[in-house]
Amino acid sequence: MDNLSKVLNETLQATLPSIGKGQVANYIPALANINPNQLGVAIADLDGKVFKAGDADIPFSIQSISKLFTLIQAMKIYGEAIWKGVRRDPSGLRFNSLVQLESEHGIPRNPFINAGALKICDQLESRCSTPNFQLLSLLKELSHNNSIKVNHRVAISEIKHGARNAAMAYLMKAFDNFENSVEKVLESYAHHCAIEMSCVDLARATLPLANKGKTLTGKALITTKQCKRINALLVTCGLYDEAGEFAFRVGLPGKSGVGGGIVAIYPGKFSLCVWSPELNKTGNSLAGFELLERLTGALEISIF
Ligand code: GLN
(Lines give C-alpha, C1' and ligand atoms only; values in the text may rest on other atoms or scores of the structure.)
Protein backbone atom coordinates (compact mmCIF):
# COMPACT_ATOMS: atom_id res chain seq x y z
CA MET A 1 0.00 0.00 0.00
CA ASP A 2 2.99 2.34 0.47
CA ASN A 3 3.18 3.26 -3.17
CA LEU A 4 -0.58 3.79 -3.51
CA SER A 5 -0.44 7.59 -3.47
CA LYS A 6 2.27 7.51 -6.12
CA VAL A 7 0.28 5.15 -8.36
CA LEU A 8 -2.85 7.28 -7.91
CA ASN A 9 -0.97 10.40 -8.97
CA GLU A 10 0.64 8.69 -11.94
CA THR A 11 -2.61 7.21 -13.24
CA LEU A 12 -4.37 10.54 -12.77
CA GLN A 13 -1.68 12.38 -14.73
CA ALA A 14 -1.78 9.76 -17.48
CA THR A 15 -5.58 10.17 -17.75
CA LEU A 16 -5.69 13.99 -17.91
CA PRO A 17 -5.34 14.07 -21.74
CA SER A 18 -8.71 12.27 -22.01
CA ILE A 19 -10.54 15.28 -20.61
CA GLY A 20 -12.26 16.99 -23.52
CA LYS A 21 -13.24 13.74 -25.27
CA GLY A 22 -16.61 13.31 -23.57
CA GLN A 23 -19.70 15.40 -22.88
CA VAL A 24 -21.19 16.50 -19.57
CA ALA A 25 -24.79 15.40 -18.91
CA ASN A 26 -27.19 18.06 -20.15
CA TYR A 27 -30.57 16.32 -20.12
CA ILE A 28 -30.81 17.55 -16.53
CA PRO A 29 -30.09 21.25 -17.28
CA ALA A 30 -28.67 22.06 -13.83
CA LEU A 31 -25.89 19.51 -14.42
CA ALA A 32 -24.77 21.11 -17.68
CA ASN A 33 -22.98 24.09 -16.08
CA ILE A 34 -20.24 22.07 -14.41
CA ASN A 35 -16.57 22.74 -15.15
CA PRO A 36 -15.58 19.67 -17.22
CA ASN A 37 -11.86 19.97 -16.44
CA GLN A 38 -11.97 18.05 -13.19
CA LEU A 39 -10.62 14.64 -12.29
CA GLY A 40 -10.28 13.09 -8.86
CA VAL A 41 -9.74 9.70 -7.28
CA ALA A 42 -9.78 8.37 -3.72
CA ILE A 43 -9.21 5.00 -2.10
CA ALA A 44 -10.40 4.07 1.41
CA ASP A 45 -8.80 0.94 2.83
CA LEU A 46 -9.71 -1.46 5.61
CA ASP A 47 -7.04 0.02 7.93
CA GLY A 48 -8.97 3.30 7.87
CA LYS A 49 -6.48 5.05 5.58
CA VAL A 50 -7.49 7.26 2.68
CA PHE A 51 -5.32 7.87 -0.39
CA LYS A 52 -6.27 10.48 -2.95
CA ALA A 53 -5.21 12.49 -5.98
CA GLY A 54 -6.58 15.41 -8.01
CA ASP A 55 -10.05 16.81 -7.27
CA ALA A 56 -10.86 14.16 -4.66
CA ASP A 57 -12.37 16.55 -2.11
CA ILE A 58 -14.77 18.42 -4.39
CA PRO A 59 -18.44 17.46 -3.84
CA PHE A 60 -20.29 16.45 -7.03
CA SER A 61 -23.78 15.22 -7.89
CA ILE A 62 -23.85 11.50 -7.00
CA GLN A 63 -26.84 10.83 -9.30
CA SER A 64 -27.23 7.07 -9.88
CA ILE A 65 -24.62 6.17 -7.29
CA SER A 66 -27.49 6.92 -4.87
CA LYS A 67 -29.17 3.74 -6.22
CA LEU A 68 -26.57 1.69 -4.38
CA PHE A 69 -27.45 3.24 -1.04
CA THR A 70 -31.23 3.13 -1.52
CA LEU A 71 -30.82 -0.55 -2.38
CA ILE A 72 -28.93 -1.06 0.90
CA GLN A 73 -31.70 0.72 2.81
CA ALA A 74 -34.45 -1.33 1.14
CA MET A 75 -32.59 -4.64 1.62
CA LYS A 76 -32.28 -3.90 5.33
CA ILE A 77 -36.01 -3.23 5.63
CA TYR A 78 -37.50 -5.80 3.26
CA GLY A 79 -34.99 -8.67 3.17
CA GLU A 80 -35.95 -11.14 0.45
CA ALA A 81 -39.35 -9.52 -0.11
CA ILE A 82 -37.60 -6.75 -2.03
CA TRP A 83 -37.35 -9.05 -5.06
CA LYS A 84 -41.10 -9.24 -5.58
CA GLY A 85 -41.08 -5.98 -7.52
CA VAL A 86 -37.66 -5.97 -9.19
CA ARG A 87 -35.39 -8.55 -10.82
CA ARG A 88 -31.60 -8.87 -10.71
CA ASP A 89 -30.52 -9.37 -14.30
CA PRO A 90 -28.60 -7.02 -16.56
CA SER A 91 -30.82 -5.03 -18.89
CA GLY A 92 -28.37 -4.57 -21.76
CA LEU A 93 -30.09 -1.25 -22.39
CA ARG A 94 -29.57 2.39 -21.52
CA PHE A 95 -30.24 3.32 -17.88
CA ASN A 96 -33.44 5.19 -18.70
CA SER A 97 -34.84 2.91 -21.38
CA LEU A 98 -38.56 2.13 -21.29
CA VAL A 99 -38.77 -0.71 -23.79
CA GLN A 100 -38.26 -3.74 -21.51
CA LEU A 101 -40.64 -2.45 -18.87
CA GLU A 102 -43.67 -2.80 -21.17
CA SER A 103 -42.81 -6.26 -22.48
CA GLU A 104 -41.84 -7.49 -18.99
CA HIS A 105 -45.12 -6.43 -17.34
CA GLY A 106 -43.81 -3.52 -15.31
CA ILE A 107 -41.12 -5.49 -13.42
CA PRO A 108 -37.76 -3.71 -13.85
CA ARG A 109 -34.70 -5.80 -14.71
CA ASN A 110 -32.59 -4.65 -11.75
CA PRO A 111 -32.37 -2.01 -8.99
CA PHE A 112 -29.63 -0.01 -10.74
CA ILE A 113 -31.50 1.12 -13.85
CA ASN A 114 -33.88 4.05 -13.35
CA ALA A 115 -37.06 1.94 -13.38
CA GLY A 116 -35.63 -0.42 -10.76
CA ALA A 117 -34.42 2.40 -8.53
CA LEU A 118 -37.84 4.07 -8.74
CA LYS A 119 -39.40 0.79 -7.61
CA ILE A 120 -36.92 0.65 -4.68
CA CYS A 121 -37.86 4.25 -3.76
CA ASP A 122 -41.52 3.23 -3.91
CA GLN A 123 -40.76 0.43 -1.43
CA LEU A 124 -38.91 2.87 0.86
CA GLU A 125 -41.80 5.31 0.68
CA SER A 126 -44.16 2.55 1.90
CA ARG A 127 -42.09 1.67 4.94
CA CYS A 128 -40.00 4.73 5.97
CA SER A 129 -41.48 7.81 7.60
CA THR A 130 -38.69 10.07 6.26
CA PRO A 131 -36.82 8.21 3.48
CA ASN A 132 -34.75 11.21 2.32
CA PHE A 133 -33.66 12.21 5.78
CA GLN A 134 -32.76 8.60 6.56
CA LEU A 135 -30.64 8.31 3.41
CA LEU A 136 -28.75 11.52 4.17
CA SER A 137 -28.13 10.40 7.76
CA LEU A 138 -26.78 7.05 6.53
CA LEU A 139 -24.43 8.76 4.06
CA LYS A 140 -23.17 11.20 6.69
CA GLU A 141 -22.49 8.37 9.10
CA LEU A 142 -20.74 6.15 6.54
CA SER A 143 -18.55 8.90 5.14
CA HIS A 144 -17.84 10.61 8.49
CA ASN A 145 -18.94 13.89 6.96
CA ASN A 146 -21.80 15.84 8.48
CA SER A 147 -21.84 18.50 5.80
CA ILE A 148 -23.21 16.26 3.01
CA LYS A 149 -26.32 17.82 1.50
CA VAL A 150 -28.79 17.84 -1.35
CA ASN A 151 -28.40 20.39 -4.13
CA HIS A 152 -32.04 21.51 -4.41
CA ARG A 153 -31.47 23.34 -7.69
CA VAL A 154 -30.39 20.04 -9.29
CA ALA A 155 -33.31 18.16 -7.74
CA ILE A 156 -35.84 20.69 -9.04
CA SER A 157 -34.22 20.68 -12.48
CA GLU A 158 -34.51 16.88 -12.62
CA ILE A 159 -38.16 16.93 -11.52
CA LYS A 160 -38.96 19.53 -14.22
CA HIS A 161 -37.27 17.48 -16.93
CA GLY A 162 -38.07 14.00 -15.63
CA ALA A 163 -40.73 12.95 -18.13
CA ARG A 164 -39.03 9.60 -18.86
CA ASN A 165 -38.81 8.69 -15.20
CA ALA A 166 -42.45 9.70 -14.72
CA ALA A 167 -43.40 7.49 -17.69
CA MET A 168 -41.59 4.51 -16.08
CA ALA A 169 -43.29 5.02 -12.74
CA TYR A 170 -46.75 5.32 -14.32
CA LEU A 171 -46.11 2.22 -16.44
CA MET A 172 -45.24 0.27 -13.29
CA LYS A 173 -48.39 1.62 -11.65
CA ALA A 174 -50.44 0.44 -14.64
CA PHE A 175 -48.99 -3.04 -14.08
CA ASP A 176 -49.81 -2.86 -10.36
CA ASN A 177 -46.15 -2.72 -9.39
CA PHE A 178 -46.12 0.71 -7.71
CA GLU A 179 -47.79 1.43 -4.39
CA ASN A 180 -47.36 5.15 -3.72
CA SER A 181 -48.05 8.47 -5.39
CA VAL A 182 -45.85 8.71 -8.51
CA GLU A 183 -45.16 12.43 -7.90
CA LYS A 184 -44.07 11.80 -4.34
CA VAL A 185 -41.67 9.01 -5.28
CA LEU A 186 -40.23 10.99 -8.22
CA GLU A 187 -39.53 13.87 -5.89
CA SER A 188 -37.82 11.63 -3.40
CA TYR A 189 -35.75 9.92 -6.15
CA ALA A 190 -34.64 13.27 -7.61
CA HIS A 191 -33.48 14.40 -4.17
CA HIS A 192 -31.42 11.22 -3.74
CA CYS A 193 -29.75 11.78 -7.12
CA ALA A 194 -29.03 15.44 -6.24
CA ILE A 195 -27.01 14.61 -3.11
CA GLU A 196 -23.46 15.93 -3.41
CA MET A 197 -20.44 14.02 -2.14
CA SER A 198 -16.73 13.95 -2.94
CA CYS A 199 -14.58 11.00 -4.04
CA VAL A 200 -13.27 10.74 -0.46
CA ASP A 201 -16.83 10.68 0.93
CA LEU A 202 -17.96 8.00 -1.51
CA ALA A 203 -14.87 5.82 -1.07
CA ARG A 204 -15.50 5.86 2.68
CA ALA A 205 -19.25 5.30 2.32
CA THR A 206 -18.79 2.19 0.16
CA LEU A 207 -16.12 0.61 2.36
CA PRO A 208 -18.54 -1.88 4.04
CA LEU A 209 -18.97 -3.49 0.60
CA ALA A 210 -15.27 -4.36 0.69
CA ASN A 211 -15.61 -5.60 4.27
CA LYS A 212 -18.36 -8.26 4.08
CA GLY A 213 -21.00 -5.67 4.96
CA LYS A 214 -19.34 -4.30 8.10
CA THR A 215 -18.13 -0.79 8.87
CA LEU A 216 -14.60 -0.35 10.20
CA THR A 217 -15.93 -0.35 13.77
CA GLY A 218 -17.29 -3.85 13.18
CA LYS A 219 -20.94 -2.78 12.98
CA ALA A 220 -22.95 -4.75 10.42
CA LEU A 221 -24.45 -2.36 7.86
CA ILE A 222 -25.74 -5.37 5.94
CA THR A 223 -25.19 -9.13 6.24
CA THR A 224 -22.32 -10.92 4.50
CA LYS A 225 -24.86 -12.53 2.17
CA GLN A 226 -26.42 -9.17 1.28
CA CYS A 227 -22.93 -7.80 0.66
CA LYS A 228 -22.18 -10.65 -1.74
CA ARG A 229 -25.44 -10.01 -3.56
CA ILE A 230 -24.91 -6.27 -3.91
CA ASN A 231 -21.39 -6.78 -5.26
CA ALA A 232 -22.77 -9.34 -7.74
CA LEU A 233 -25.37 -6.80 -8.89
CA LEU A 234 -22.68 -4.14 -9.20
CA VAL A 235 -20.69 -6.40 -11.51
CA THR A 236 -23.63 -7.39 -13.70
CA CYS A 237 -25.73 -4.19 -13.67
CA GLY A 238 -23.77 -1.31 -12.07
CA LEU A 239 -22.69 0.28 -15.36
CA TYR A 240 -25.87 -0.55 -17.30
CA ASP A 241 -25.17 -1.61 -20.88
CA GLU A 242 -21.46 -1.09 -20.28
CA ALA A 243 -21.28 -3.49 -17.31
CA GLY A 244 -19.60 -6.18 -19.41
CA GLU A 245 -17.04 -3.73 -20.76
CA PHE A 246 -16.34 -2.47 -17.23
CA ALA A 247 -15.80 -6.03 -15.94
CA PHE A 248 -13.54 -6.67 -18.95
CA ARG A 249 -11.42 -3.54 -18.59
CA VAL A 250 -11.56 -2.75 -14.85
CA GLY A 251 -12.48 -6.10 -13.26
CA LEU A 252 -14.20 -4.78 -10.12
CA PRO A 253 -17.83 -4.35 -9.00
CA GLY A 254 -18.77 -0.73 -9.80
CA LYS A 255 -21.56 1.84 -9.90
CA SER A 256 -21.67 4.98 -12.01
CA GLY A 257 -23.75 8.14 -12.13
CA VAL A 258 -24.30 10.84 -14.75
CA GLY A 259 -22.63 13.35 -12.43
CA GLY A 260 -19.40 11.64 -13.58
CA GLY A 261 -18.68 9.56 -10.49
CA ILE A 262 -17.87 5.84 -10.44
CA VAL A 263 -17.41 3.84 -7.23
CA ALA A 264 -15.66 0.48 -7.29
CA ILE A 265 -15.07 -2.25 -4.73
CA TYR A 266 -12.02 -4.45 -4.24
CA PRO A 267 -13.44 -6.97 -1.74
CA GLY A 268 -11.27 -7.65 1.30
CA LYS A 269 -9.00 -4.69 0.50
CA PHE A 270 -10.50 -1.30 -0.33
CA SER A 271 -13.19 0.77 -1.99
CA LEU A 272 -12.54 3.62 -4.39
CA CYS A 273 -14.21 6.44 -6.23
CA VAL A 274 -13.23 8.36 -9.34
CA TRP A 275 -14.89 11.48 -10.68
CA SER A 276 -14.70 13.43 -13.90
CA PRO A 277 -17.88 15.08 -15.24
CA GLU A 278 -17.59 14.30 -18.95
CA LEU A 279 -19.44 11.14 -19.97
CA ASN A 280 -18.98 8.62 -22.75
CA LYS A 281 -21.85 7.58 -25.05
CA THR A 282 -23.22 5.14 -22.46
CA GLY A 283 -23.51 7.86 -19.82
CA ASN A 284 -20.50 6.75 -17.74
CA SER A 285 -17.54 8.97 -16.84
CA LEU A 286 -15.12 8.76 -19.75
CA ALA A 287 -11.93 9.75 -17.92
CA GLY A 288 -13.11 8.03 -14.72
CA PHE A 289 -13.49 4.72 -16.55
CA GLU A 290 -10.04 5.11 -18.12
CA LEU A 291 -8.43 6.02 -14.81
CA LEU A 292 -9.90 2.93 -13.17
CA GLU A 293 -8.66 0.74 -16.00
CA ARG A 294 -5.15 2.20 -15.66
CA LEU A 295 -5.19 1.93 -11.88
CA THR A 296 -6.36 -1.69 -11.70
CA GLY A 297 -3.82 -2.50 -14.43
CA ALA A 298 -0.98 -0.81 -12.55
CA LEU A 299 -1.92 -2.45 -9.24
CA GLU A 300 -2.66 -5.78 -10.98
CA ILE A 301 -5.95 -6.16 -9.14
CA SER A 302 -9.25 -7.69 -10.22
CA ILE A 303 -11.92 -9.95 -8.74
CA PHE A 304 -11.51 -12.34 -11.66
N1 GLN B 1 -30.99 11.31 -12.03
C2 GLN B 1 -30.59 10.59 -13.22
C3 GLN B 1 -31.81 10.10 -13.98
O4 GLN B 1 -32.79 9.75 -13.39
C5 GLN B 1 -29.70 9.44 -12.82
C6 GLN B 1 -29.18 8.68 -14.01
C7 GLN B 1 -27.75 8.23 -13.87
O8 GLN B 1 -26.98 8.74 -13.07
N9 GLN B 1 -27.36 7.31 -14.72
O10 GLN B 1 -31.80 10.04 -15.17
Side-chain angles (χ1 to χ4, degrees), residues 28 62-91 93-139 150 152 154-195 221-223 225-227 229-230 232-234 236-238 240 255 257-258:
I28 300 171
I62 69 170
Q63 292 296 317
S64 279
I65 299 174
S66 64
K67 295 174 167 79
L68 171 55
F69 299 104
T70 45
L71 176 64
I72 287 174
Q73 279 185 300
M75 271 184 154
K76 283 165 77 75
I77 296 170
Y78 281 84
E80 289 301 299
I82 193 179
W83 303 116
K84 271 212 277 199
V86 58
R87 292 171 51 190
R88 55 262 180 161
D89 273 315
S91 69
L93 293 168
R94 201 168 170 79
F95 61 86
N96 58 3
S97 170
L98 273 151
V99 294
Q100 259 165 1
L101 203 55
E102 165 75 3
S103 60
E104 298 186 354
H105 313 289
I107 311 289
R109 273 288 172 106
N110 67 69
F112 292 150
I113 51 173
N114 285 15
L118 286 165
K119 177 60 206 166
I120 296 292
C121 288
D122 177 47
Q123 292 179 342
L124 290 175
E125 191 68 40
S126 298
R127 297 274 282 271
C128 297
S129 48
T130 52
N132 294 9
F133 176 79
Q134 282 166 266
L135 178 63
L136 258 187
S137 305
L138 175 71
L139 293 175
V150 173
H152 292 279
V154 172
I156 290 164
S157 179
E158 169 149 9
I159 292 165
K160 262 195 184 161
H161 296 86
R164 289 189 77 86
N165 288 339
M168 284 168 213
Y170 276 112
L171 195 51
M172 287 190 273
K173 205 160 193 65
F175 280 109
D176 221 6
N177 188 29
F178 211 83
E179 289 174 358
N180 298 283
S181 142
V182 166
E183 282 71 25
K184 206 164 175 202
V185 173
L186 287 173
E187 197 181 316
S188 182
Y189 168 87
H191 280 80
H192 300 159
C193 293
I195 291 171
L221 171 69
I222 42 176
T223 64
K225 188 172 169 186
Q226 287 170 329
C227 182
R229 291 182 156 180
I230 292 174
L233 284 167
L234 288 173
T236 53
C237 314
Y240 321 111
K255 181 77 207 85
V258 293

If you measure from [atom1] on [X] to [atom2] on [Y], what distance do you get to the nearest 0.5 Å?
X: Glu125; Y: Ser188; atom1: CD; atom2: OG; answer: 5.5 Å
X: Tyr189; Y: Leu118; atom1: OH; atom2: CG; answer: 5.5 Å
X: Lys119; Y: Lys84; atom1: NZ; atom2: NZ; answer: 9.5 Å
X: Lys76; Y: Gln134; atom1: NZ; atom2: CD; answer: 11.0 Å
X: Ile65; Y: Gln63; atom1: CD1; atom2: CD; answer: 9.0 Å
X: Ile82; Y: Ile120; atom1: CD1; atom2: CD1; answer: 3.5 Å

Report yes if some heavy atom in the side chain of [X] is under 4.5 Å from a heavy atom in the side chain of [Y]; otherwise report no.
X: Leu101; Y: Phe175; value: no
X: Asn96; Y: Met168; value: yes
X: Pro108; Y: Asn177; value: yes
X: Ser66; Y: Ile195; value: no
X: Met75; Y: Trp83; value: yes
X: Thr70; Y: Leu135; value: yes

inquiry  = Between Leu138 and Leu221, is the side-chain contact (heavy atoms from CB on, under 4.5 Å) condition met? List the steps.
reply    = CA-CA 10 Å; Leu138 175 71; Leu221 171 69; 3.7 Å; yes
Check [X] against [Y] and note the closest heavy-atom contact, atom names and distance.
X: Glu158; Y: Ala190; result: CG-CB, 4.0 Å
X: Phe112; Y: Leu68; result: CE2-CA, 3.8 Å
X: Val86; Y: Pro111; result: CG2-N, 3.7 Å
X: Ile77; Y: Arg127; result: O-NH2, 3.6 Å
X: Ile107; Y: Gly85; result: CG2-O, 3.7 Å
X: Pro131; Y: Gln73; result: O-NE2, 4.0 Å

key: Those residues that, when tested against His191, pass ring pair (Phe, Tyr, Trp, His ring centres under 6.0 Å) (two or more places apart)   =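 Result, ring pair (Phe, Tyr, Trp, His ring centres under 6.0 Å) vs His191: His152.
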Salt-bridge criterion met for Glu80 and Arg229 (N-O under 4.0 Å) =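 Judged by the 4.0 Å cut-off on N to carboxylate O distance, Glu80 and Arg229 do form a salt bridge.
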Evaluation steps, side-chain hydrogen bond (donor to acceptor under 3.5 Å, both in side chains), between Asn180 and Ser126 = CA-CA 7 Å; Asn180 298 283; Ser126 298; 2.9 Å; yes
ask   = Hey, is the main chain of Cys237 close enough, under 3.5 Å, to the side chain of Asn110 for a donor-acceptor pair?
value =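 Looks like no, no N/O pair under 3.5 Å.
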inquiry  = Donor-acceptor check, side chain of Arg109 to backbone of Asp89, threshold 3.5 angstrom: yes or no?
reply    =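 No; zero donor-acceptor contacts below 3.5 Å.
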query = Among all residues two or more places apart in sequence or in another chain, which pass the side chain to side chain donor-acceptor pair (under 3.5 Å) test with Thr223?
reply =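 Once residues adjacent in sequence are excluded, the partners of Thr223 under the side chain to side chain donor-acceptor pair (under 3.5 Å) criterion are Gln226.
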query = Going through the distances and angles, do Asn165 and Asn114 end up as a side-chain hydrogen bond (donor to acceptor under 3.5 Å, both in side chains)?
reply = CA-CA 7 Å; Asn165 288 339; Asn114 285 15; 3.0 Å; yes
request  = Just say parallel, tilted or perpendicular for the rings of Phe95 and Tyr240, cut-offs at 30° and 60°.
outcome  =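 Taking Tyr240 first and then Phe95, their aromatic rings sit tilted (interplane angle of 30° to 60°).
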